[in-house]
Amino acid sequence: MEAAQRKRLEETTRYDPTEVEGRIFSEWMDGGYFHPQAEGTAAENFSVAIPPPNVTGVLHMGHALNGSMQDALVRMNRMRGKNTLWVLGTDHAGIATQAVVEKELKKEGKSRHDLGREAFVEKVWEWKAEYGSRIVEQYKRLGASCDYDRERFTLDEGYVRAVYRVFKQLFDKGYIYRDNYMVNWDPGSHSAISDLEVENREVEDVLYSIDYPVEDSDRVLTVATVRPETMLADTAVAVNPGDERYADLVGKHVVLPLVGRRIPVIADEHVDVEFGTGALKITPGHDPNDFEIGRKHKLEEIGVIGPDGRMTEEAGEFAGLTAAEAQVAVVEALRGEGRLSAEEPYVHSVPFSHRSGERIEPLISLQWFCRMDELARPAIEVVERDEVNITPPQWKRVYLDWMREIRPWCVSRQLWWGHRIPVWYCDACNETIVAESEPQRCDACGGELRQEEDVLDTWFSSALWPFATLGWPDDTPELRAFYPTSFLTTAREILFLWVARMIMTGLEFAGDIPFRDVYVHSVIQARDGRRMSKSLGTGIDPLEEIDVHGADALRFGLLAMSSTQDVRFSDAKVEQGRDLANKLWNASRLILLNTAEVEPAPRPTCVEDRWILSRLEGTIASVTDKLETYDFAHAVQEAYSFFWRDLCDWYLEIVKPRLYDGEEEVSATLLYALERVLGLLHPTMPFVSEEIWSYHPARQGHLAVHSFPVADLALIDEAAEADVEGGIRLTQRLRAWRDLAGVAVGATLPAVIDGVEPPAFVSRLSRFEFDGVGAEPVASIGPVRVLDSDQLDGAAVAERLEKRRQELRAEVERGERKLGNEGFVAKAPAEVVEEERGKLERYRAELEELA
RNA sequence: GGGCGCGUAGCUCAGUGGGAGAGCGCUCGCUUCACACGCGAGAGGUCGCUGGUUCGAAACCAGCCGUGCCCACCA
């Protein structure tokens with residue numbers, strides 16, 4: 001080691017991530033390690049497509065967790081020498097991004113309409129250029145080993161070609177069509193949204209009962225509704241065909257109050273006899289159920305609420321009011337006419353826009369849809385056959401259940417930011433042209449064309465992510481080398497929205513599954529158990545955590561707290577990671593500053609050496625297995641426990657004298673163990689491991705591309721493990737005895753061994769002299785007979801002895817009770833019974849000695 | 001309405017048929033020549049409740065209570 005390096009090691013007693021991380025990351029980038037050549041086949045390579053974050057965003061805890069998991073597996077496979085690609089990119093996130101820019105405009109008192117479409121979209125691109133790359137920089141802070149030179153954007157030039165190709169092919173197959181249909185209208189974003197972007201919330205409304213007079217009769221038909229303003233668009237009243245109360249009215253008409261329109265009484269199975277009066281007003285224009293019933297009975301579809309949320313001309317005297325205002329006015333008018341027979345509070349679930357948070361207004365409008373059933377079929381099969389493996393397994397069924405009930409997808413959005421739908425209309429001859437690139441003139445009449453105004457749902461483009469990012473529709477080297485990707489880690493909330501659609505499009509267009517494994521990770525909640533969200537103010541900023549504790553600490557913490565169930569964010573786990581980084585640094589200082597100049601190699605000379613090597617290799621095997629099966633929490637905690645407990649607390653303490661002596665064998669073994677520990681931890685804690693590696697004598701190049709340790713099972717030694725662990729337990733018992741017997745910390749006590757000689761370290765670490773002479777034994781701890789000396793407090797020793805006797809009596813009693821149970825002896829496995837017998841014997845013997 | 005989870009030490013969570021675990025916090029003792037982001041020793045739990053299966057249950061089954069999420073067109 002150079003003198004300067006040695007000096008730095010000697011002087012730096014605390015690991016400082018802020019000083020290290022930026023420097024190390026630059027070294028990785030300069031090395032080009034994250035930018036693989038597009039060579040080989042997907043079967044032999046390793047690749048991942050990052051779930052593309054929104055350009056609007058900043059890194060949140062979900063990204064940090066997901067990034068930590070992906071990076072762990074990506075780095076592990078890169079170290080294994082695989083040609084490894086982690087594709088990075090961002091999503092244009094239609095509604096979200098447009099909303100942010102509109103909000104900016106609003107500050108200047110302008111709306112997007114003031115700018116016009118072209119200028120507005122230009123503005124969004126400017127915004128994207130300025131802020132869109134923030135999240136990429138933040139992934140670097142996390143240490144994510146993405147290919148930053150292959151960054152993609154769902155709206156970049158090549159991506160548009162992929163989207164248009166897909167749209168055209170789906171259209172040609174007859175899957176994509178345009179129709180007037182009931183959609184979820186989001187008054188907030190002024191666009192239709194898909195079913196998956198709707199969330200239901202419990203709301204307290206008023207349930208109004210309205211009397212509809214029956215034509216040519218004194219009777220009234222009373223209907224119940226929470227939206228009285230929609231009665232203006234009623235085109236029927238429905239009753240259940242089996243409902244005798246109304247059987248005679250079916251086929252007759254009622255007169256709609258306020259409006260005066262005659263509407264038929266129809267019979268439909270959908271109507272619940274039990275609910276309210278059993279009569280249901282039918283408003284095909286403003287209610288999804290009524291829409292279905294209306295289509296079935298060929299009812300007129302009237303729209304009284306427009307896309308702007310205001311009452312239309314159809315609403316007559318109420319035209320121009322907002323729906324909420326109209327509700328008040330309609331109720332007032334009905335009351336005036338004596339048609340309101342009841343009002344009662346009513347709690348029910350109501351759809352809201354996931355994006356804008358506004359209450360969904362169901363409307364009929366002309367939209368583009370995509371039939372999903374044919375696309376779903378093969379996507380169901382690959383999951384059924386486990387060609388795409390979903391972990392944890394309960395999500396497989398959730399996926400399959402949803403896919404089997406899949407409905408058409410409304411893919412058009414009334415936005416300006418996004419993939420403008422590749423459809424052109426000719427007003428001259430009414431021709432509709434779908435094309436991958438803009439046609440000049442109408443094929444049929446040569447007339448002028450105008451492009452469809454709507455854009456595609458953001459998820460339409462994200463659905464193509466795994467192959468579009470690799471250059472599809474061109475047959476690129478990247479596509480051949482890295483598709484299908486190896487795995488996908490994701491939050492469950494986008495299982496349908498994104499994962500399912502990638503599987504469908506992957507099979508349809510890229511001819512193969514997009515990934516072999518889907519790992520659905522847990523959700524990290526706020527410290528108080530609420531959802532982390534910006535609007536609730538419950539978010540925890542990963543970058544702040546990185547600033548304070550370091551990226552390795554955050555990564556370790558997130559992986560350690562992740563599990564199959566949702567967990568609350570734990571500062572303690574991040575601090576545990578920070579402490580681990582510091583411990584790694586300091587243990588490495590001890591090793592690197594004191595070892596002799598030797599080749600790192602396992603060179604055991606005693607049982608402790610064989611023990612630590614056995615534990616090391618066992619840990620490598622187990623941690624590797626856990627990482628490969630997405631059991632990140634146990635993987636990092638097991639690595640932690642091996643390193644801290646076994647290596648630092650015990651082995652380093654045991655070998656210190658040999659180390660300070662400059663013994664070559666132990667130096668070689670320690671350097672070997674350190675090299676392997678650094679390699680094992682690098683995927684989860686890349687910065688600190690890389691930094692320490694720079695001081696390691698075996699270093700040739702960066703740890704990021706050094707070999708990942710493969711467990712050497714020849715070094716597993718169960719006998720050595722048993723011996724040393726026995727010695728450790730004995731040491732702990734001796735220390736505990738000293739403590740309770742009131743012995744001074746630094747004092748060495750005389751004792752003799754009666755029985756099997758424990759490993760040599762026990763004497764030194766417990767501060768007992770095992771060849772003591774003279775005095776009487778006063779206590780018996782395993783094979784150790786403690787001899788009396790003036791360092792002992794007689795009363796404390798007696799008390800300690802009595803306590804042990806009580807413990808032993810309890811143990812003996814327990815064993816006797818268990819073995820006295822005939823059922824146990826007869827039915828329990830022989831080895832379990834034997835074990836109990838052995839224990840009982842030992843406890844009895846010890847009690848005998850102490851008596 | 002249907003489905004999936006969860007309820008274990010003060011806190012956050014592991015453990016899923018043979019003697020209750022981790023991290024943090026707490027108590028006591030240590031400025032021991034890698035680390036006080038440290039070292040050593042401790043205290044702390046009728047494993048939500050009630051029944052059942054079993055020689056044996058925190059774990060398996062049933063019911064109940066509490067709690068979270070997803071899906072669903074009862075006005």
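To find a chain, count down the sequence lines: A is the first, B the second, and so on, and within it residues start at 1. Here the structure is a predicted model, which is why all the values come from computation and not from measurement.
Nucleic acid contact class of Asp290(A) (heavy atoms, under 4.0 Å, all strands): none. Arg735(A) comes within 4.0 angstrom of the backbone, heavy atoms only, and of no base. At a threshold of 4.0 angstrom between heavy atoms, the contacts of Tyr843(A) include nucleobase atoms, whether or not backbone atoms are also involved. Backbone-only contact: Trp644(A) has heavy atoms under 4.0 Å from sugar-phosphate atoms and none from a base. Heavy atoms of Lys281(A) sit nowhere under 4.0 angstrom from any nucleic acid atom. No engagement by Arg738(A) is indicated, since no non-hydrogen atom pair under 4.0 Å with the nucleic acid exists. Glu836(A) comes within 4.0 angstrom of no nucleic acid atom, judged by non-hydrogen atoms across all strands. Here Glu653(A) lies in heavy-atom contact (under 4.0 Å) with a base.
By the side chain to side chain donor-acceptor pair (under 3.5 Å) test, Thr222(A) is found to be paired with Asp211(A), residues two or more places apart in sequence or in another chain being considered. Applying the side chain to side chain contact (heavy atoms under 4.5 Å, CB included) test to Glu725(A) and every residue at least two apart in sequence or in another chain returns Trp611(A), Arg615(A), Glu721(A), Arg729(A). Under the rule for a side chain to side chain donor-acceptor pair (under 3.5 Å), His549(A) has no partner lying at least two apart in sequence or in another chain. Considering only residues two or more places apart in sequence or on other chains, Arg568(A) meets the side chain to side chain donor-acceptor pair (under 3.5 Å) condition with none of them. For Glu301(A), the salt bridge (charged side-chain N to carboxylate O under 4.0 Å, His left out) test picks out Arg295(A), with sequence neighbours left out. For Trp650(A), there are no ring-ring contact (aromatic ring centres under 6.0 Å, His included) partners, not counting sequence neighbours. In this structure, the salt bridge (charged side-chain N to carboxylate O under 4.0 Å, His left out) partners of Lys296(A), at least two apart in sequence or on a different chain, are Asp268(A). Residues satisfying the salt bridge (charged side-chain N to carboxylate O under 4.0 Å, His left out) criterion with Arg8(A), sequence neighbours excluded, are absent altogether.
In this structure, CZ of Arg817(A) is placed 18 Å from P of rC55(B), rounded to the nearest angstrom.
With both ends at atom C1', the span from rC26(B) to rA9(B) equals 12 Å, rounded to whole Å. Comparing rA41(B) with rC6(B), their P atoms sit 35 Å apart, to the nearest whole Å. Look at the P atom in both rA58(B) and rG51(B): the space between them is 14 Å, to the nearest Å. If you take atom C1' in rC64(B) and the same atom in rC28(B), they sit 45 Å apart, rounded to whole Å. Comparing the P positions of rG7(B) and rU54(B) gives an interatomic distance of 27 Å, to the nearest angstrom. Distance noted for atom C1' between rG45(B) and rG21(B): 11 Å (whole Å). Taking atom C1' in both rG42(B) and rG25(B), the straight-line distance is 14 Å, to the nearest Å. Spacing of C1' atoms, rU16(B) relative to rC33(B), comes out at 47 Å, to the nearest Å.
Across all strands shown, rU54(B) forms no Watson-Crick or G-U wobble pair with both key distances under 3.5 Å. In this entry rG5(B) has rU67(B) as its Watson-Crick or G-U wobble partner, both defining distances falling under 3.5 Å. The base-pairing partner of rA59(B), taking Watson-Crick or G-U wobble contacts with both distances under 3.5 Å, does not exist among the strands shown.
Judged by distance alone with a 3.5 Å cut-off, no donor-acceptor contact links the side chain of Lys818(A) to the base of rG19(B). Counting atom types as modelled, Glu835(A) pairs no side-chain N or O with a base atom of rG18(B) as donor and acceptor under 3.5 Å.
Between the Ser641(A) side chain and the Gln637(A) main chain, no donor and acceptor come within less than 3.5 Å of each other.
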Legend entry - Annotated protein contacts, base or backbone, on nucleotides 21-26 of chain B with a non-hydrogen cut-off under 4.0 Å, one of B, S, - each: --SS--
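Between the side chains of Lys281(A) and Thr230(A), at least one donor-acceptor pair of N or O atoms lies under 3.5 Å.
Non-hydrogen atoms lying under 4.0 Å from RNA chain B are contributed by Asn582(A), Lys583(A), Asn586(A), Ala587(A), all within residues 580-588 of chain A.
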Within the sub-3.5 Å range, which N or O atoms of nucleotides 69-74 of chain B have a protein N or O partner, and how far apart are they?
residue	atom	partner	partner atom	Å
rC73(B)	OP1	Arg407(A)	NH1	3.4
rC73(B)	O4'	Asn289(A)	OD1	2.9
rC73(B)	O2'	Asn289(A)	OD1	3.1
rC73(B)	O2'	Asn289(A)	ND2	2.4
rC73(B)	N1	Asn289(A)	OD1	2.9
rC73(B)	O2	His270(A)	ND1	3.3
rC73(B)	O2	Asn289(A)	OD1	3.0
rC74(B)	O2	Asp272(A)	OD2	2.6
rC74(B)	N3	Asp272(A)	OD2	2.8

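We find that Glu799(A) and Lys803(A) are not joined by a salt bridge, their nearest charged nitrogen and carboxylate oxygen being 4.0 Å or further apart.
Of the side-chain N and O atoms in Arg578(A), none sit less than 4.0 angstrom from OP1 or OP2 of rC37(B).
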For residues 808-818 of chain A, please give each side-chain donor-acceptor pair under 3.5 Å, one per line with the distance, not counting sequence neighbours.
residue	atom	partner	partner atom	Å
Arg814(A)	NH2	Glu836(A)	OE2	3.4
Glu816(A)	OE2	Arg844(A)	NH2	2.6

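The aromatic ring centroids of Tyr695(A) and Trp585(A) lie less than 6.0 Å from each other.
The residue among Glu822(A) and Tyr15(A) whose nearest nucleotide of RNA chain B lies closer to the 5′ end is Tyr15(A). Position along RNA chain B of the nearest nucleotide to Val567(A) versus Arg767(A) favours Val567(A) as the more 5'-ward residue.
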